[in-house]
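Data block below; observations after.
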Amino acid sequence: MAYPAGNFHSVNAKNFAECVKTATSGEIDIVTHPGGTLFKGNDIKRAVQSGQTQIGERLLSAHENENPLFGLDSIPFIASSYDKSEKLWQAGKPEISKSLDAQGLVMLYSVPWPPQGMYFKKEVNSTADMAGVKVRSYNNSTGRISELSGMVPVQIEASEITQGLITGVIESLITSAVTGQDSKAWEQLSHFYKVNAWQPRNFVLVNKDAWTALDDKTRGSITTCAAEAEANGVKMSIEANDKALAELEKNGMKVLDPSEKLAGELRGFGETMANEWKEKAGEAGKAVLDAYAK
Ligand code: PCA
């Protein structure tokens with residue numbers, strides 16, 4: 001797992017591991033390695049696919065280059081609430097699971113991050129104020145919206161954000177209140193804008209050969225624990241977001257809604273990006289968006 005031990009995704013995964021251990025009478029004992037200590041975020045998917053490890057948690061949208069559907073959850077402003085994020089996931093789940101299966105991966109559960117906002121060292125009222133700012137990116141959408149806004153995206157792992165801010169490799173973030181809190185963003189940054197751009201999801205994935213080698217009963221127990229983890233994960237995400245927003249303020253950050261101008265400009269970039277995505281995702285993407293719109 002790529003995110004720190006105290007992060008709600010990591011806590012949820014640890015609970016999931018406990019559930020599996022109990023349900024299989026200790027036969028399946030999943031040991032969690034948070035913070036990218038076993039494999040870095042960017043290496044986790046490949047490690048699970050190749051069987052270097054049997055199970056892992058990954059932000060799937062970081063692999064949108066492999067398949068546009070993997071970036072479904074990061075199309076800006078199409079699902080800007082937990083309810084809509086859930087609906088979008090349900091619309092995309094069959095196709096995404098099928099695509100993962102074709103890569104030798106079994107999708108166990110998926111949990112949304114809180115809404116994505118923007119962090120700066122200064123007041124920002126329009127994209128003109130962002131010109132040339134080095135911003136940390138973590139997937140195609142963060143990179144593209146940064147470019148469209150005139151910023152300079154730099155892709156680094158979440159575990160390297162704090163160091164990146166201190167050394168000046170990055171001077172801005174597009175992420176959740178939770179990851180800002182995990183990175184002590186207030187030590188280097190002063191403003192958090194609740195842009196509500198999208199809610200990317202972490203996916204817990206299993207190596208298909210390892211999965212197939214299990215008996216039906218064991219697979220059934222794991223699937224039940226996974227469904228529980230997905231439901232609990234959403235609740236934990238909501239709670240963690242509320243707590244993190246308060247924590248940012250408590251530590252002196254200004255937590256703000258974007259100005260009308262900024263919100264409008266970003267929505268415009270969002271439309272451009274949604275069109276680009278539809279272009280790439282073709283018929284499969286269109287079917288998912290149609291199902292979501294229903
Ligand atoms: N935190 C993760 C992904 C989205 C989020 O809120 C990160 O910044 O890497």
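In this text the structure is predicted, and so the values were computed from the model without any measurement. In this chain, residues are counted from 1 in sequence order. We count ligands from 1, going down the list as the structure has it; atoms in each ligand are counted the same way.
- Heavy atoms from other residues, nucleotides or ligands lying under 6.0 Å from NZ of Lys21 number 12 at most.
- Between Trp277 and Leu69, the closest side-chain pair of non-hydrogen atoms falls below 4.5 Å.
- Every residue two or more places apart in sequence or in another chain that forms a salt bridge (charged side-chain N to carboxylate O under 4.0 Å, His left out) with Lys98 is listed here: Glu95.
- Judged as a ring pair (Phe, Tyr, Trp, His ring centres under 6.0 Å), the pairs with a partner in residues 71-100 (not counting sequence neighbours) are, in order, Trp89-Phe203.
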Let me have the donor-acceptor pairs involving side chains of residues 205-213, under 3.5 Å, with sequence neighbours excluded, atom names and distances please.
residue, atom, partner, partner atom, Å
Asn207, OD1, Asp209, N, 3.0
Asn207, OD1, Ala210, N, 3.0
Asn207, ND2, Val48, O, 2.8
Asn207, ND2, Gln49, O, 3.3
Lys208, NZ, Asp101, OD1, 3.4
Lys208, NZ, Asp101, OD2, 3.1
Thr212, OG1, Lys208, O, 2.6

Taking a 3.5 Å cut-off between nitrogen or oxygen atoms, can you list every pair linking ligand 1 to the protein, with distances?
residue, atom, partner, partner atom, Å
ligand 1, 1 (N), Thr175, OG1, 3.2
ligand 1, 1 (N), Thr179, OG1, 2.7
ligand 1, 6 (O), Gln116, NE2, 3.0
ligand 1, 6 (O), Thr175, OG1, 3.2
ligand 1, 6 (O), Ser176, N, 3.2
ligand 1, 6 (O), Ser176, OG, 2.6
ligand 1, 8 (O), Arg136, NH1, 2.6
ligand 1, 8 (O), Thr175, OG1, 2.8
ligand 1, 9 (O), Tyr3, OH, 3.0
ligand 1, 9 (O), Arg136, NH1, 3.3
ligand 1, 9 (O), Arg136, NH2, 2.9

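- A chain of hydrophobic side-chain contacts below 4.5 Å, direct or via other Ile, Leu, Val, Met, Phe, Trp or Tyr residues, connects Phe120 to Leu262.
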